[in-house]
Amino acid sequence: MPATAMQRERRARTEDEDGLPVLRGKYIALDVETTGLDPYHGARLFCWGYYTEEGEWGFMRKTDANLRWVARLFADPSKTIIFHNAKFDLKMLSFEGIDVFNILARVECTLILSKLWNENGQHNLRYLSIRYLNRDPGAKDEVEDWLKKHKRAFVKKHGREPNFSDAPIHVVKRRCIWDVESTLMLYAQLRPRIAQTCKELYETERQLIFVVIDMENHGVRVDVTRAKELRAEALDDLAQIQADLNRIICPLVIERKKKGKGITETLESFNANSSSIQLPAAFKKVGIELRYKTKPKKGRKGSAKTGGGNWSFDEYAMVRYVSKPLASIIRDSGEEGWKTKRFYDEVKKTIKKHKLPAYEILPPLILKYRELSKMVTTYYDHIIENAVDVHKTPAGRDVGILHCNFNQSEAMTGRFSASHPNLQNIPRILGPRECFIPRVGRHNWHLDYAQVEMRMFCHFAQDKKMAAAIDKDIHLAVACEIYEKDEASITKEQRKRAKGVNFGIIYGSGAATMAETLTKKGLHTSKLEAATLVASYHRKFPSVRRITNEFKVRLHRDGYVANPFGRRYHVPTQVGYKLLNYMCQGTSADIMKKAMVECWKWLRAENRKRKKQGKRPLKTRIIKTIHDEIVFETPPIEERLVIPQMMKIMEDLDSFFVPITVDAEVVTKRWSQKKKPQEVGCKWFKAS
DNA sequence: CGTTATTGCCC
DNA sequence: GTACGGGCAATAACGT
């Protein structure tokens with residue numbers, strides 16, 4: 001569409017009761033502009049633009065009448081409303097009192113369409129418009145440019161950072177119209193392609209938008225007081241470690257660069273997080289000879305590798321810089337999550353007992369320091385700073401709600417990602433999980449697909465031997481095969497090794513990495529041993545090689561490989577070994593997504609039914625997802641009805657070479673005390 | 001104030 | 001003959 005035509009505003013023929021345009025177009029691209037990205041901390045929309053296939057377009061500021069116009073648009077089942085990232089816009093509109101969960105118009109999303117068409121690369125509107133529409137970014141960047149240019153002056157004048165709503169309205173308008181025009185054209189290009197390739201998957205993703213908004217708006221409950229207690233504890237420990245470190249290695253002479261010139265400095269306080277400058281200096285000073293270097297990491301999007309070649313101080317290297325007894329202390333403390341005091345006592349005791357050189361205390365202290373500072377900055381601080389609606393409980397504790405951002409279109413395999421804060425990487429053993437608590441009168445039920453990636457692996461390989469073992473103990477069964485022993489004679493360590501091999505195979509590893517990974521987990525394994533295990537594995541499970549090759553053949557033939565839901569993976573042929581993993585991970589992810597939609601829909605349908613029958617609605621909700629796990633919040637009185645129903649929906653979702661089964665655990669007090677249903681006296685619960 | 005490198009947590 | 005998959009986030013260091 002030529003830019004000149006675009007700039008000619010076409011007046012709608014008719015006006016509604018508020019004097020606003022009644023659109024003839026059926027397809028309406030809509031885009032809201034906001035004061036920020038996080039509505040839970042005050043960001044709000046202040047205007048929006050629209051563009052229809054009839055060439056009608058317009059720009060509206062937020063007023064009651066204009067919001068009513070949007071509500072009427074949403075109530076019209078003959079319309080299709082297209083967003084680029086519908087989740088964001090709808091979430092913002094939900095904060096203006098729009099009931100986004102009962103929209104009668106059809107909601108579409110070009111971000112999801114683009115992601116499904118090609119999981120690689122960028123999916124922002126700017127990039128897509130250039131790539132698919134040959135469109136000049138034009139007005140797209142003007143708002144950002146304005147903000148950059150006027151930031152300093154604005155802060156000086158108003159005492160705060162400027163946002164989109166502070167830019168001149170005509171600049172915002174131009175951008176907004178640019179966005180909606182692009183969105184509409186993009187939709188016209190992408191929708192037919194997806195209709196051809198994965199219509200049902202798109203439908204799942206599309207409906208999932210509402211599940212995600214619901215989940216994010218509801219949020220998870222946190223015990224802010226507990227976070228503060230744990231934070232204080234950690235800070236105390238950190239102060240002690242810092243003092244010890246300073247006593248051992250300061251003053252420390254270091255060399256660093258400043259404006260291209262090398263300078264020398266003497267430090268009175270040591271920073272254990274400084275792995276490139278202070279750590280090497282400290283190790284040299286106490287006389288530890290450095291032996292391990294960092295490995296190159298693959299650059300963004302499979303490009304050349306970057307970095308590497310510097311001295312390494314990760315845990316892998318650190319345990320190797322100390323004697324064996326101390327190394328086991330470090331490993332044990334990590335696995336069991338010891339408190340700092342116990343760790344200190346054990347470390348000192350061990351050094352004395354084995355008459356180790358005094359400097360060996362350095363690596364364990366640094367590891368502990370890094371662990372604690374990570375807990376504080378990444379977890380406790382986040383909970384304390386980001387919890388909203390904080391109030392006191394009768395017991396005098398501060399509790400609040402954390403609203404995490406779930407992104408359904410970020411990970412290339414199809415998985416969810418989470419951010420701000422990332423609820424999907426909360427440590428399993430250390431303190432943070434103590435801060436997550438159910439709401440009053442609720443339990444949190446964690447329903448997780450048991451070994452789902454392993455099951456998908458089994459599905460693709462169509463391996464009968466594996467299929468027979470998957471509902472018992474797959475790792476034990478694999479151990480029996482690769483060690484050629486019966487179950488009774490397999491040691492715990494051998495089973496653990498087999499487990500590592502199972503994961504390694506799914507991840508596409510070879511002998512070298514397998515050895516490294518196993519050794520890292522405390523199972524000392526040489527490269528040769530690992531090679532033997534892998535060879536043995538492939539001999540016993542030839543289907544794995546077969547399916548890996550089959551995927552490579554398909555990649556070569558079609559340029560992509562599609563999972564059972566039609567999600568396509570485009571990868572360079574050099575990394576064809578990744579396909580098996582993508583297929584396992586991605587199929588699991590799509591199972592999860594479909595399950596979330598089905599569970600959510602069941603709960604809504606049930607409530608409509610109950611409303612008709614004059615019964616009170618169910619209070620059960622989906623509150624979060626962690627890859628293979630859906631977490632439901634439910635009043636105990638509903639558990640018996642709802643939980644088995646949710647499990648049934650999840651398990652009966654689709655049919656594969658092996659059944660997909662669901663395990664259930666429940667949190668009544670704190671996430672750290674997640675329990676089996678039987679342990680909390682759920683007599684009605686029957687494990688599947 | 002941006003980018004790169006390192007580290008470490010999750011499934 | 002090679003190679004472990006997918007995420008998010010914090011800090012340090014350095015140059016603009």
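So that the names make sense, note that chain A is the first sequence line, chain B the second, and so on, each numbered from 1. These numbers were taken from a predicted model, which means no experiment stands behind them.
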Look at the side chain of A/R256 and decide which nucleotide, out of C/dC14, C/dC8, B/dC11, has an atom nearest to it. C/dC14
When we call it a touch if two heavy atoms are under 4.0 Å apart, what does A/E516 touch: a base, just sugar-phosphate, or nothing? nothing
Closest to side chain of A/A411, choosing from B/dC10, C/dG6, C/dA9: C/dG6
Please give, in whole Å, the distance from C/dG6 C1' to A/Q408 CD? 17 Å
What residues 419-427 of chain A contributes to the DNA chain C interface at heavy-atom separation below 4.0 Å is A/S419, A/H420, A/N422, A/N425
How close or far is atom P of B/dG8 from atom CG of A/L367, stated in whole angstroms? 7 Å
Who passes side chain to side chain donor-acceptor pair (under 3.5 Å) against A/N163, sequence neighbours left out? A/S165
Between atom CZ in A/F503 and atom P in C/dG6, what is the gap in whole Å? 16 Å
Examine C/dG6: is either OP1 or OP2 under 4.0 Å from a nitrogen or oxygen in the side chain of A/Y582? Give yes or no. yes
Per the atom types in the model, does the base of C/dG5 pair as donor or acceptor with the side chain of A/K578 at under 3.5 Å? no
Can you find a side chain N or O atom of A/S275 that sits less than 4.0 Å from OP1 or OP2 on B/dT6? no
For the rings on A/F313 and A/F283, is their centre-to-centre separation under 6.0 Å? yes
Take atom CZ of A/F416 and atom P of C/dC8, then tell me their distance rounded to the nearest Å. 13 Å
Among the nucleotides C/dA12, C/dG5, C/dA13, whichever has the atom closest to the side chain of A/N273 is C/dA12
For A/Y569, which residues count as a ring-ring contact (aromatic ring centres under 6.0 Å, His included) partner, sequence neighbours excluded? A/Y582
Would you say C/dG5 has OP1 or OP2 under 4.0 Å from some side-chain N or O of A/Y577? yes
Determine, for A/E665 against A/K675, whether the closest basic-nitrogen to carboxylate-oxygen distance falls under 4.0 angstrom. no
Short side-chain N/O contact from A/H382 to OP1 or OP2 of C/dC8, under 4.0 Å: no
Nearest atoms (heavy-atom pairs only) where A/M650 meets A/C599: CG-SG, 4.2 Å
Looking only at the side chain of A/R428 (C-beta and beyond, no hydrogens), which of the listed nucleotides C/dA3, B/dT7, B/dC10 gets closest? B/dC10
Those residues at least two apart in sequence (or on a different chain) that pass side chain to side chain donor-acceptor pair (under 3.5 Å) with A/N85 are none
Give the nucleotide from the list C/dA12, C/dA10, C/dG7 with an atom nearest to the side chain of A/S274. C/dA12
Taking any heavy-atom pair under 4.0 Å as a contact, classify A/M412: base, sugar-phosphate, or nothing. sugar-phosphate
Those residues at least two apart in sequence (or on a different chain) that pass side chain to side chain donor-acceptor pair (under 3.5 Å) with A/E529 are A/S526
Name the closest nucleotide to the A/T378 side chain, picking from C/dG5, C/dA10, C/dG7. C/dA10
Rounded distance in Å - NE2 (A/H538) to C1' (C/dA3): 13 Å
Applying a 4.0 Å non-hydrogen cut-off, can you work out what A/I277 is touching in the nucleic acid: base, sugar-phosphate, or nothing? sugar-phosphate
Between C1' on C/dC8 and CD1 on A/I626, what's the gap in Å once rounded to a whole number? 14 Å
Starting from P on B/dC10, measure out to CZ on A/F406 and report it in whole angstrom. 17 Å
Given B/dT7, C/dA10, C/dG7, identify the nucleotide with an atom nearest to the side chain of A/E410. C/dG7
Report the distance from atom CD1 of A/I429 to atom P of B/dG8, rounded to the nearest whole Å. 14 Å
Which residues share a side chain to side chain donor-acceptor pair (under 3.5 Å) with A/R256, sequence neighbours left out: A/E265
Quick one: label A/A512 by what it contacts on the DNA or RNA (base, sugar-phosphate, nothing), any heavy atom closer than 4.0 Å. nothing
Which nucleotide wins on minimum distance to the side chain of A/S312, given the candidates B/dA5, C/dG5, B/dT7? B/dT7
Between the side chains of A/R546 and A/E550, is the shortest nitrogen-to-carboxylate-oxygen separation below 4.0 Å, so that they form an ion pair? no
